[in-house]
Amino acid sequence: MSDVKTALVTGASRGIGFVVASKLAEAGYHLAICGTTQTTIDKAAGKIRDANGVEVIAQAVDVSDRDQIQGFVKNTAKHFGRLDVLVNNAGITRDNISMRMKAEEWDAVIDTNLSSVFNAMQAALRPMMKARNGRIINISSVVAGMGNPGQLNYCASKGGVEAMTRSLAREIGSRGITVNAVAPGFIATDMTADLGEDAHAQLTSQIPLGRLGQPEDIASAVCFLASDAAGYITGQVLHVNGGMYM
Ligand code: NAP
């Protein structure tokens, strides 16, 4: 078993996941990261390795496929002999008003954002329970609490993630494993890049801190929840949204 703590981050090729993985590497963790394509996840892994000198396993994994995500989690624990932190970050949007929402739009978002989180957590439980130690951190969204027109599927997936977070926290607290969520507000990544100037200005006007968040703002919260300092926190949703929802 490696002496070095190990973290697995899904959806780490870019955006929030890449910065979360980078910050965990800075903190000294060995990493396993995934995205949808091997070339982009390899590139991300190369950058993290070069900057921090930690070991990084990078693999193309479709998190919406139960066997793929569970296999990735199990192989990571086997390779390093331990799995200390699981960050379920991969997520997509397929926006549409409810009357027009297609079955594929509903299914894709629920499979990628919700079912994947259950499947990854389930696979992580065996190594974490054996070690009587573990941190699970799920990335939710401010809209789980607020609701958002045109995002019924996305809001349902993130609301489900928060409910699962609380349920699993109750189930496995006695085994030394904490389960928490981080709910970002609007963060400057590819996911929000298509907002027009008007929508951007309108959104910013609703944020007391007067700006969109950066991936670093979310990564700091994740690293805190992964750290020893957060050892007595479980079943919580940590909101990081510049005050847009309180
Ligand atoms: P992003 O820039 O669009 O990046 C999404 C990441 O997820 C990419 O690494 C992508 O991989 C990966 N991914 C997507 N589908 C996947 C699949 N089926 N299997 C494996 N990996 C997959 O998104 P982001 O803004 O960083 O968002 C990260 C998380 O934060 C998501 O859960 C999102 O819902 C949540 N969030 C974001 C915001 C925001 O304002 N940005 C707000 C609230 C919550 P590829 O590069 O291979 O596509």
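Values in this document were obtained by computation on a predicted structure and should not be read as measured data. Just follow the structure's listing: the first ligand is 1, and inside any ligand the first atom is 1.
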Participant: Which atoms of ligand 1 have any heavy atom of Y154 under 4.0 Å away?
Facilitator: 33 (C), 34 (O), 35 (C), 36 (N), 43 (C), 44 (C)
Participant: Tell me the nearest of G11, S116, S141, G185 to atom 6 (C) of ligand 1, using heavy-atom distances.
Facilitator: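 Ranked by closest heavy atom to atom 6 (C) of ligand 1, first place is G11.
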Participant: So which protein heavy atom does atom 15 (N) of ligand 1 come closest to, and at what separation?
Facilitator: I92 CG2, 3.5 Å
Participant: List the closest protein heavy-atom neighbour of atom 19 (N) of ligand 1: residue, atom name, distance to the nearest 0.1 Å.
Facilitator: V63 N, 3.0 Å
Participant: Salt bridge between R94 and D111, side-chain N to carboxylate O under 4.0 Å?
Facilitator: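 Not counted as a salt bridge, because no side-chain N and carboxylate O are separated by less than 4.0 Å.
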Participant: Taking distance alone, with N or O pairs closer than 3.5 Å, would you say V61 contacts ligand 1?
Facilitator: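 Right, the criterion is met.
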Participant: Show your reasoning for whether side-chain hydrogen bond (donor to acceptor under 3.5 Å, both in side chains) applies to D95 and Q151.
Facilitator: CA-CA 5 Å; D95 299 352; Q151 288 200 311; 3.2 Å; yes
Participant: Are any of the N/O atoms in N113 less than 3.5 Å from those in ligand 1?
Facilitator: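 For ligand 1, there is no N or O atom that lies under 3.5 Å from one belonging to N113.
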Participant: Geometry only, no angles: is F186 polar-contacting ligand 1 at N/O separations under 3.5 Å?
Facilitator: no
Participant: What protein heavy atom lies closest to atom 40 (O) of ligand 1? Include the residue and the distance to one decimal.
Facilitator: I187 N, 2.8 Å
Participant: When only distance counts, is P184 in polar contact with ligand 1, meaning an N/O pair under 3.5 Å?
Facilitator: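 Between P184 and ligand 1, no N or O pair is found under 3.5 Å apart.
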Participant: Within a strict 4.5 Å, meaning less than it, do heavy atoms of the N113 and I92 side chains meet?
Facilitator: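 Sidechains of I92 and N113: in contact.
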Participant: What part of P215, side chain, backbone, both or neither, has a heavy atom within less than 4.0 angstrom of ligand 1?
Facilitator: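 For P215, no heavy atom sits under 4.0 Å from ligand 1.
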Participant: Geometry only, no angles: is R14 polar-contacting ligand 1 at N/O separations under 3.5 Å?
Facilitator: yes
Participant: Sub-3.5 Å donor-acceptor pair from the side chain of S13 to the main-chain atoms of T40, do we have one?
Facilitator: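 Not a single qualifying donor-acceptor pair exists.
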Participant: What protein heavy atom lies closest to atom 5 (C) of ligand 1? Include the residue and the distance to one decimal.
Facilitator: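 The protein heavy atom lying closest is G91 O, 3.9 Å.
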Participant: Check each of A44, G15, A90 against atom 21 (N) of ligand 1 and report the one with the nearest heavy atom.
Facilitator: A90
Participant: Within the structure, is a non-hydrogen atom of F18 found at a distance of less than 4.0 Å from ligand 1?
Facilitator: no
Participant: Determine, using heavy atoms of A188 and all atoms of ligand 1, whether some pair is separated by less than 4.0 Å.
Facilitator: no
Participant: Taking only Lys NZ, Arg NE, NH1 and NH2, and the carboxylate oxygens of Asp or Glu, determine whether D217 and R211 approach each other closer than 4.0 Å.
Facilitator: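 Answer for the salt bridge query: yes.
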Participant: Can you find a heavy atom in the side chain of N89 that is under 4.5 Å from one in the side chain of I137?
Facilitator: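 They are not in side-chain contact.
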Participant: Provide the closest heavy-atom pair for A45 versus V56 in the form atom of the first, atom of the second, distance.
Facilitator: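 Scanning both residues completely, I find the closest heavy atoms to be CB-CG1, 3.7 Å.
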Participant: Does the N or O separation between D62 and ligand 1 drop below 3.5 Å for any pair?
Facilitator: yes
Participant: I need the contact type for T93 against ligand 1. Using non-hydrogen atoms and a strict under-4.0 Å cut-off, is it side chain, backbone, both or neither?
Facilitator: neither
Participant: Cation-pi check for Y29 against K23: NZ or CZ below 6.0 Å from the six-membered ring centre and within 45 degrees of the axis, yes or no?
Facilitator: no
Participant: Quick one: nearest non-hydrogen protein atom to atom 8 (C) of ligand 1, plus distance?
Facilitator: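 Protein heavy atom with the smallest distance to atom 8 (C) of ligand 1: S13 OG, 3.5 Å.
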Participant: Please say yes or no: joined through hydrophobic side-chain contacts below 4.5 Å, possibly via intermediate residues, are I69 and V85 part of one cluster?
Facilitator: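 As far as the 4.5 Å side-chain criterion goes, V85 and I69 are not connected within one cluster.
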Participant: Is there a continuous path of hydrophobic side-chain contacts, each under 4.5 Å between heavy atoms, that joins M164 to I172?
Facilitator: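 Result: yes, single cluster for both.
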Participant: Do any N/O atoms on I16 end up under 3.5 angstrom from N/O atoms on ligand 1?
Facilitator: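 Yes, at least one N or O pair falls under 3.5 Å.
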Participant: Answer yes or no: is there a side-chain heavy-atom contact under 4.5 Å between N119 and V117?
Facilitator: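 Result no, sub-4.5 Å side-chain heavy-atom pair not found.
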Participant: Could you list which atoms of ligand 1 come closer than 4.0 Å to a heavy atom of I139?
Facilitator: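 Every atom of ligand 1 under 4.0 Å from some heavy atom of I139: 29 (C), 30 (O), 35 (C).
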Participant: Give a yes/no verdict on whether any heavy atom in S140 is under 4.0 Å from an atom of ligand 1.
Facilitator: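 Heavy atoms of S140 do come under 4.0 Å of ligand 1.
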Participant: At less than 4.0 angstrom from any non-hydrogen atom of A12, what atoms of ligand 1 do you find?
Facilitator: 9 (O)
Participant: So is T10 close enough to ligand 1, meaning a heavy atom under 4.0 angstrom away?
Facilitator: no
Participant: Determine, using heavy atoms of C34 and all atoms of ligand 1, whether some pair is separated by less than 4.0 Å.
Facilitator: no
Participant: Are any non-hydrogen side-chain atoms of V19 and I218 less than 4.5 angstrom apart?
Facilitator: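 Contact flag for V19/I218 side chains = no.
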Participant: For ligand 1, is any non-hydrogen atom under 4.0 Å from T192's backbone (N, CA, C, O), its side chain (CB onward), both, or neither?
Facilitator: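 Just the side chain.
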Participant: Looking only at atom types and distance, does a side-chain atom of H30 sit under 3.5 Å from a main-chain N or O of V54, one as donor and one as acceptor?
Facilitator: no
Participant: Report the part of N89 in contact with ligand 1, treating N, CA, C, O as backbone and CB onward as side chain, heavy atoms under 4.0 Å; options are side chain, backbone, both, neither.
Facilitator: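 Both of them.
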Participant: For atom 47 (O) of ligand 1, find the nearest protein heavy atom and state the residue, atom name and distance (0.1 Å precision).
Facilitator: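 That would be T36 OG1, 2.4 Å.
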Participant: Answer yes or no: is there a side-chain heavy-atom contact under 4.5 Å between V4 and F80?
Facilitator: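 Side chain of V4 against side chain of F80, heavy atoms only: no contact under 4.5 Å found.
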Participant: Compare all side-chain heavy atoms of I16 with those of T189 and state whether any distance is below 4.5 angstrom.
Facilitator: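 Of all side-chain heavy-atom pairs linking T189 with I16, at least one is under 4.5 Å.
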Participant: Taking distance alone, with N or O pairs closer than 3.5 Å, would you say S64 contacts ligand 1?
Facilitator: no
Participant: Is any side-chain heavy atom of L24 less than 4.5 Å from a side-chain heavy atom of K5?
Facilitator: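 Answer no - side chains too far apart.
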Participant: Do M128 and R135 have side-chain heavy atoms sitting under 4.5 Å apart?
Facilitator: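 SC-SC contact between M128 and R135 ruled out.
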Participant: Would you mind checking which non-hydrogen protein atom is closest to atom 24 (P) of ligand 1, with the distance to 0.1 Å?
Facilitator: T189 OG1, 3.6 Å
